[in-house]
There are 2 protein chains.
Amino acid sequence: MLEHQEEAPVPGKVTIYDVARRAGVAPSTVSRAFSRPGRVNAATAERIRRVAEELGYRVNPLARALSTARTGMIALVVPDIANPFYAEVILGAQATATRAGFTILLADTQESGRIERAALERAMPTVDGILLAGSRMSDSAIRMVSKQKPVVVLNRAVVDVPCVVPDNARGIRGAAEHLAELGHQHITYVAGPEASWADGMRWRSLREVALELHLRVGRIGPFTPDVQGGVRAAEEMGTSPTSAVIAYNDQLAIGLIRGLAARGVRVPQDVSVVGFDNIFAADLITPGLTTVAAPLHTEGATATKHLLAMISGTASRRSEPGAQRVPEQAGQAVVLPVRLVVRGSTAQRSRKRTSPASGTTRVSPSAAKAATSTSAGSR
Amino acid sequence: MLEHQEEAPVPGKVTIYDVARRAGVAPSTVSRAFSRPGRVNAATAERIRRVAEELGYRVNPLARALSTARTGMIALVVPDIANPFYAEVILGAQATATRAGFTILLADTQESGRIERAALERAMPTVDGILLAGSRMSDSAIRMVSKQKPVVVLNRAVVDVPCVVPDNARGIRGAAEHLAELGHQHITYVAGPEASWADGMRWRSLREVALELHLRVGRIGPFTPDVQGGVRAAEEMGTSPTSAVIAYNDQLAIGLIRGLAARGVRVPQDVSVVGFDNIFAADLITPGLTTVAAPLHTEGATATKHLLAMISGTASRRSEPGAQRVPEQAGQAVVLPVRLVVRGSTAQRSRKRTSPASGTTRVSPSAAKAATSTSAGSR
DNA sequence: AATCGCGTGGCAACTGGTTGCCATGTGTTG
DNA sequence: CAACACATGGCAACCAGTTGCCACGCGATT
């Protein structure tokens, strides 16, 4: 609170040597007083702490890092910060990191594997661990990185690297069942980026579920996972839209709805649309977007928790760079539960504009049950 | 590309000493070869570079920072990453920082001055400069910080500290003129957080413009600057909504529209609403939100550019912590132009539900001119 | 009384670069 | 041919901590 200290006008320049001299001890003792509590006599430690306070001493994290090889920073690499999906993940990560005394180094890779590599190159030597969210690099590249520093991957499963992913399969299943209960029999999947692991996962899951529920499925894409991409998808779809669509993510779904609207196709009367992720905006648009809610915040938090565990595991000696044993199951991905949020973008299949085969309208009680809307992101 | 180097299996552990030995020179020469091009004979430098490459050597930024007191990192402090407003700013900052070889340390302060201080405390010793976006600290606290490290403030003017702000006054003027041209005579301002400098600025500007244009203005608030806040504002407004509203930011405006809709008040038929910032979602909702577009990305970029200039200015000797002379005008805020984006949330004042005084409907040609919509954020 | 062990504190080496200053060698100039 | 300037490389100190090892002193054990 004081603006001027007695002797140290420049709080950034006080070193352990200054403190040591003033306290009448050796610099090493000062160092120990801070970094190794218990190693120093309580009385001495107290005195040192008082002098340090008085001088306005702060440990220099860089100097400390130089010998301990621990910086207290972790890198968070995301493809696009502006994507609200990652914004939530970042928040979750940041919260738990901060709580543990760690700082986050953020890198946006603009959806480019090249930039991602470059960013890692820069960040690697400075951080204790790395969080790769939605990486666009190859599995083998990721594995290489994880050999040098602790790594946790989000939204993607990579063999031999700890991962945290939402339950894509169950999410897609929920969406498909919901649509089936509304009477839809043909679902189109609007695909996201080819490089995305989640995209492949979701499409595969959809095909499996389709078999089981006797649904027909088609697929268009790939599209860039933003609103623009959705608009383009609508164009491509224009000729023969199926009565139900599941999009790779919410942005695509939103763009799709806009694009369809522009072509005179109404949602949900003519086409039902389901998204994925439940981003902030899903609740803002009209109609509200039915979507699979991924636990974004939790994902970031969980991944960070694991990473921190790995880091403190490595704490042993500064040898064996990648020798951390994974916290629990090695290489086993942690799967986080998802839930379907039903809003206005899905509805009973209309009889017209469908093949006259099964014109019966079924009112499914379970669909009605599931129709609990949620409140918008408030935080 | 190679997975195994000839002699250095652990690329993270090669030092200048290893390179020096292998190249037959002194460590200092290796250091110079990298950090001081020209100081070393071209041929020698080339040889060193080759050996380094071969050994997989990378400079250790921490060690370098220890003696140079330059880390190549800048802190970016924002109140809420999930706020799309800041997401864009971050992107702008990150782009120019990366281009200059700098890395960004991100800190979210959850709209808390206390957390903000703590974050700065942690980050300060590690970074070369600080970007404060939407700080919740006091002016004097900010000034203190800027005495220790180069600081640039965004979206707020602080005396004696370089700032980058959008042209709030002109933005509000544009909005008010637009509403006036549509026949509105009474505008309500929905206020954001009290601690926000921008909020005070916008309200003051509105009052000034109102005088000039012979408009009446009222004000409600403060509200938290999110959708929830807008909903609450709608509740508070319910009894006597004016025909026109300007909200502190887009989230408030969006919440307001939802809240009004829930109470049976239609936008824009009954009430015209204008937001501020032109975030991503402004174009997604129905009706589209008329809003003042702030140059978010540019703001981040500009601020970063200035900060980097200040940092390289400080580069002289490691003395005088805060002695950087501001790039151009000292303490003068850089004001960035804004523009009004007219969408569906504003319309001609309806004759009913207004005082019968001036029932004449005016069709303003300039309002029609201004009605150019923009495409949503694509990037 | 001699020995053992433990709690403390100091010495000095180490982390991986940077840089001021000096020595050497070479080319240029008077 | 001497004097001088300049290019180039090395030495060693320095940045601000951490830590292995040792020494000292004191109380407990036998």
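Chain identifiers are assigned alphabetically (A, B, ...) following the order of the sequence lines, protein sequences preceding nucleic acid strands; residue numbering begins at 1 within each chain.
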Review point. Whole-Å distance between C/dA13 C1' and A/Leu66 CG?
Key: 13 Å
Exercise for review: Classify the nucleic acid contact of A/Val30 as base, sugar-phosphate or nothing, counting any heavy atom under 4.0 Å across all strands shown.
Suggested key: nothing
Exercise for review: Could you check how far CZ of B/Phe34 sits from P of C/dG17, rounded to whole Å?
Suggested key: 9 Å
Review point. Is any side-chain heavy atom of B/Thr103 less than 4.5 Å from a side-chain heavy atom of A/Leu106?
Key: no
Exercise for review: State whether B/Ser67 places a side-chain N or O below 4.0 Å from either non-bridging phosphate oxygen (OP1 or OP2) of C/dG17.
Suggested key: no
Point to revise | Distance, rounded to the nearest Å, where A/Asn60 contributes CG and D/dG17 contributes C1' | key: 8 Å
Review point. How close or far is atom C1' of C/dG27 from atom CG of B/Asn41, stated in whole angstroms?
Key: 15 Å
Review point. To the nearest angstrom, how far is A/Lys13 atom NZ from D/dG17 atom P?
Key: 11 Å
Practice item. List for me each residue that meets side chain to side chain contact (heavy atoms under 4.5 Å, CB included) alongside A/Thr96, sequence neighbours excluded, and say none if there are none. Key: A/Arg99, A/Ala301, A/Thr304
Exercise for review: Using five base pairs at each end, measure the axis-to-axis angle across the helix from C/dA1-D/dT30 to C/dG30-D/dC1 and round it to 10 degrees.
Suggested key: 50°
Check your understanding: Rounding to a whole Å, what distance do you find between B/Arg39:CZ and C/dC21:C1'?
Key -> 10 Å
Show me the donor-acceptor pairs, under 3.5 Å and distance only, between side chains in residues 33-49 of chain B and residues at least two apart or in other chains.
| unit_1 | atom_1 | unit_2 | atom_2 | d |
| --- | --- | --- | --- | --- |
| B/Ser35 | OG | B/Ser31 | O | 2.9 |
| B/Asn41 | OD1 | B/Ala43 | N | 2.7 |
| B/Arg47 | NH1 | B/Ala23 | O | 2.4 |
| B/Arg49 | NH2 | B/Ala33 | O | 2.9 |

**Study point:** Ion pair check, B/Asp18 and B/Lys13, cut-off under 4.0 Å
**Key:** no
Using distance only, find each side-chain donor-acceptor pair of residues 130-138 of chain B under 3.5 Å and give its atom names and separation, not counting sequence neighbours.
| unit_1 | atom_1 | unit_2 | atom_2 | d |
| --- | --- | --- | --- | --- |
| B/Ser135 | OG | B/Glu116 | OE2 | 2.5 |
| B/Ser135 | OG | B/Met137 | N | 3.1 |
| B/Arg136 | NE | B/Glu111 | OE1 | 3.0 |
| B/Arg136 | NH1 | B/Gly134 | O | 3.2 |
| B/Arg136 | NH2 | B/Glu111 | OE1 | 2.6 |
| B/Ser138 | OG | B/Ser140 | OG | 3.2 |
| B/Ser138 | OG | B/Ala141 | N | 3.1 |

Check your understanding: Should A/Ser31 be listed as having a side-chain N or O under 4.0 Å from OP1 or OP2 of D/dT18?
Key -> yes
Practice item. Send over the distance from A/Leu62 CG to C/dT18 P, rounded to a whole Å. Key: 13 Å
Exercise for review: Name all residues meeting the side chain to side chain contact (heavy atoms under 4.5 Å, CB included) criterion together with A/Ala118; count only those two or more places apart in sequence or in a different chain, and write none if there are none.
Suggested key: none
Check your understanding: Are OP1 or OP2 of D/dG10 and a side-chain N or O of B/Thr29 less than 4.0 angstrom apart?
Key -> yes
Review point. Residues in side chain to side chain contact (heavy atoms under 4.5 Å, CB included) with A/Asp128, at least two apart?
Key: A/Arg70, A/Thr71, A/Phe102, A/Ile311
**Study point:** Spacing between B/Asp18 atom CG and C/dG16 atom C1', to the nearest angstrom
**Key:** 10 Å
Check your understanding: Nearest nucleotide by nearest heavy atom, which residue falls closer to the 5' end of DNA chain C, B/Val59 or B/Arg32?
Key -> B/Val59
Practice item. May I ask you to say what B/Ala63 touches in the nucleic acid, namely base, sugar-phosphate or nothing, with a heavy-atom cut-off under 4.0 Å? Key: base
Check your understanding: Is there side-chain contact between A/Leu307 and A/Ile74, with heavy atoms separated by less than 4.5 Å?
Key -> yes
Review point. What nucleotide, of D/dG10, D/dA16, C/dG10, holds the atom closest to the side chain of A/Ser28?
Key: C/dG10
Revision key, fill the gap. Ranking C/dC11, D/dT18, C/dT18 by distance to the side chain of B/Arg64, first place goes to C/dT18
Practice item. Please determine if a side-chain N or O atom of B/Arg36 lies less than 4.0 Å away from the OP1 or OP2 oxygen of C/dT19. Key: yes
Exercise for review: Please figure out whether A/Val25 or B/Ile16 has its closest DNA chain C nucleotide nearer the 5' end.
Suggested key: A/Val25
Review point. Reckon A/Tyr17 has a side-chain N or O less than 4.0 Å from the OP1 or OP2 of D/dC14?
Key: no
Review point. Does B/Thr44 make a side-chain N or O approach to OP1 or OP2 of D/dG9 shorter than 4.0 Å?
Key: yes
